[in-house]
Novice: 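Following this message is one structure expressed as structure tokens.
Both counts, for ligands and for their atoms, begin at 1 and track the order of listing.
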Amino acid sequence: MNVNVNGTTLAYDDAGSGDPIVLLHAFPLSRAMWRDLQSALAPNYRVIAPDMRGLGASGQASSASTQEMADDVAALLDALDIEQAVLIGLSMGGYVALDFTRRYRRRVRGLILADTRATPDTIEGRESREALAQKVLREGSAAIAEQMLPDLLAASTHANKPEVVAQVRALIEQNTPAGIATASRGMAERTDSRPFVPMFEVPALVIVGADDALTPPKQAEALAAALPQGQLAIIPEAGHLANIENASAFNAAVHAFLAQL
Ligand code: MLT
């Protein structure tokens with residue numbers, strides 16, 4: 001399905017019925033990364049999964065900050081007449097969930113932040129984002145898949161789950177260079193969420209892959225400790241894309257949290 005929001009078009013899935021849950025995907029992927037969780041939740045919940053602007057099947061935009069993405073999610077919920085939802089954001093999706101919670105706190109029924117962080121980019125981090133943007137425009141999306149795959153997935157996934165590696169590679173390659181470049185530059189500008197997290201008085205769960213090299217368990221522990229109602233779940237045999245690498249453990253942690261609400 002598609003909806004026009006804030007000058008672009010968002011493609012999204014809307015499956016099941018019940019309390020609404022919104023799934024926010026990582027960079028440089030798309031909502032297709034949520035396939036397993038979506039089918040696990042849809043028998044009991046209404047599951048809404050958008051492609052962020054510029055990625056997946058959504059329309060391009062001249063800018064794509066995580067704040068603009070959060071505003072897109074709010075506009076999508078408006079269009080669907082949904083006042084409150086549980087947000088589940090992984091990595092870039094987590095940045096969007098943090099921005100959404102800062103801007104629309106009352107619309108958040110609960111928050112799951114997976115393989116993400118509240119900290120902003122360092123100067124070197126911003127330079128790498130710009131270098132990545134220039135590289136994808138020059139060399140294409142496959143070059144970015146090649147560059148990022150070692151960090152996105154645990155060594156055990158690379159060794160034992162070639163189908164997962166192939167799936168993630170395909171999802172990255174399906175994105176356009178322009179969409180990847182715009183999102184990379186957008187993430188570099190994101191807000192430092194650390195001053196706001198202690199005010200997020202909502203049920204919250206932080207999930208992290210035990211072998212996450214990009215946002216390691218230490219960062220997840222700090223985030224869970226800073227959230228007033230923060231819980232922590234560590235997923236074994238998983239790196240940064242914990243929901244794909246160990247879907248059964250990830251989905252079980254999500255179910256256990258949702259059952260408490
Ligand atoms: C992601 O998985 O969304 C990205 O790795 C996030 C980032 O680069 O900060």
Side-chain angles (χ1 to χ4, degrees), residues 22-34 37 49-56 58 64-70 72-73 87-100 112-136 141 143-154 157-158 164-165 167-175 179-194 206-209 211-220 222-223 235 238-246 250:
V22 181
L23 307 181
L24 302 168
H25 67 79
F27 168 88
L29 301 170
S30 65
R31 72 190 200 270
M33 71 169 244
W34 291 121
L37 183 60
D51 282 333
M52 295 294 126
R53 51 169 61 204
L55 298 170
S58 283
S65 68
T66 55
Q67 203 159 295
E68 285 171 308
M69 292 176 182
D72 292 345
V73 173
L87 302 184
I88 304 181
L90 190 142
S91 198
M92 181 184 77
Y95 307 154
V96 177
L98 287 165
D99 275 336
F100 186 98
I112 299 184
L113 298 167
D115 301 284
T116 194
R117 58 190 153 196
T119 50
D121 279 358
T122 58
I123 292 183
E124 301 76 46
R126 288 183 187 199
E127 285 168 2
S128 318
R129 303 265 191 219
E130 180 55 31
L132 188 150
Q134 290 183 21
K135 177 171 173 166
V136 73
S141 305
I144 297 309
E146 200 57 35
Q147 175 180 318
M148 291 191 68
L149 273 167
D151 290 333
L152 288 174
L153 302 171
T157 304
H158 281 285
V164 169
V165 182
Q167 180 197 351
V168 173
R169 184 187 295 280
L171 291 183
I172 297 174
E173 290 182 356
Q174 281 157 19
N175 280 321
I180 291 177
T182 308
S184 186
R185 289 174 171 141
M187 281 190 294
E189 302 307 322
R190 74 182 185 281
T191 305
D192 182 354
S193 291
R194 285 172 299 179
V206 177
I207 304 181
V208 67
D211 303 316
D212 185 341
L214 293 176
T215 46
K218 251 194 165 27
Q219 246 167 357
L223 181 55
I235 306 299
H240 189 60
L241 299 180
N243 71 306
I244 307 181
E245 298 180 73
N246 190 345
F250 189 98

Novice: Tell me, which protein residue and heavy-atom name are nearest atom 5 (O) of ligand 1, and how many Å apart are they?
Specialist: H240 NE2, 3.4 Å

Novice: Do the side chains of D121 and R126 get close enough for a salt bridge, i.e. N-O under 4.0 angstrom?
Specialist: no

Novice: Of the protein's non-hydrogen atoms, which lies at the shortest distance from atom 4 (C) of ligand 1, and what is that distance?
Specialist: S91 OG, 3.2 Å

Novice: Whether the T157 and E245 side chains hold a donor-acceptor pair (N or O, under 3.5 Å, no angle test) is what I'd like checked.
Specialist: yes

Novice: Using a 4.0 Å heavy-atom cut-off, which part of L214 comes near ligand 1: side chain, backbone, both, or neither?
Specialist: side chain

Novice: If you define the side chain from C-beta out and look only at heavy atoms, does anything of M148 sit under 4.5 Å from P28?
Specialist: yes

Novice: Which bit of R117 gets closer than 4.0 Å to ligand 1, counting heavy atoms only: side chain, backbone, both or neither?
Specialist: side chain

Novice: Compare every heavy atom of A118 with every heavy atom of D192, then report the nearest pair and how far apart it is.
Specialist: OD1-O, 3.6 Å

Novice: Can you establish whether the number of heavy atoms outside E130 located under 6.0 Å from its atom CD is more than 12?
Specialist: yes

Novice: For ligand 1, is there an N or O atom under 3.5 Å from any N or O atom of L152?
Specialist: no

Novice: Can you check whether R190 has an N/O within less than 3.5 Å of an N/O in ligand 1?
Specialist: no

Novice: What distance separates R31 CZ from D51 CG, expressed to the nearest 0.5 Å?
Specialist: 4.5 Å

Novice: Between M92 and ligand 1, does any nitrogen or oxygen pair lie at a separation below 3.5 Å?
Specialist: yes

Novice: So, 4.0 Å and heavy atoms of R129: is ligand 1 close enough to count as a contact?
Specialist: yes

Novice: Quickly, which of T116, D115, L153 forms a side chain to side chain contact (heavy atoms under 4.5 Å, CB included) with D212? Name it, please.
Specialist: D115

Novice: Going by the order shown, which atoms of ligand 1 are within less than 4.0 Å of some heavy atom of A26?
Specialist: 1 (C), 2 (O), 3 (O)

Novice: What protein heavy atom is closest to atom 9 (O) of ligand 1, reported as residue, atom name and distance in Å?
Specialist: Y95 OH, 2.5 Å

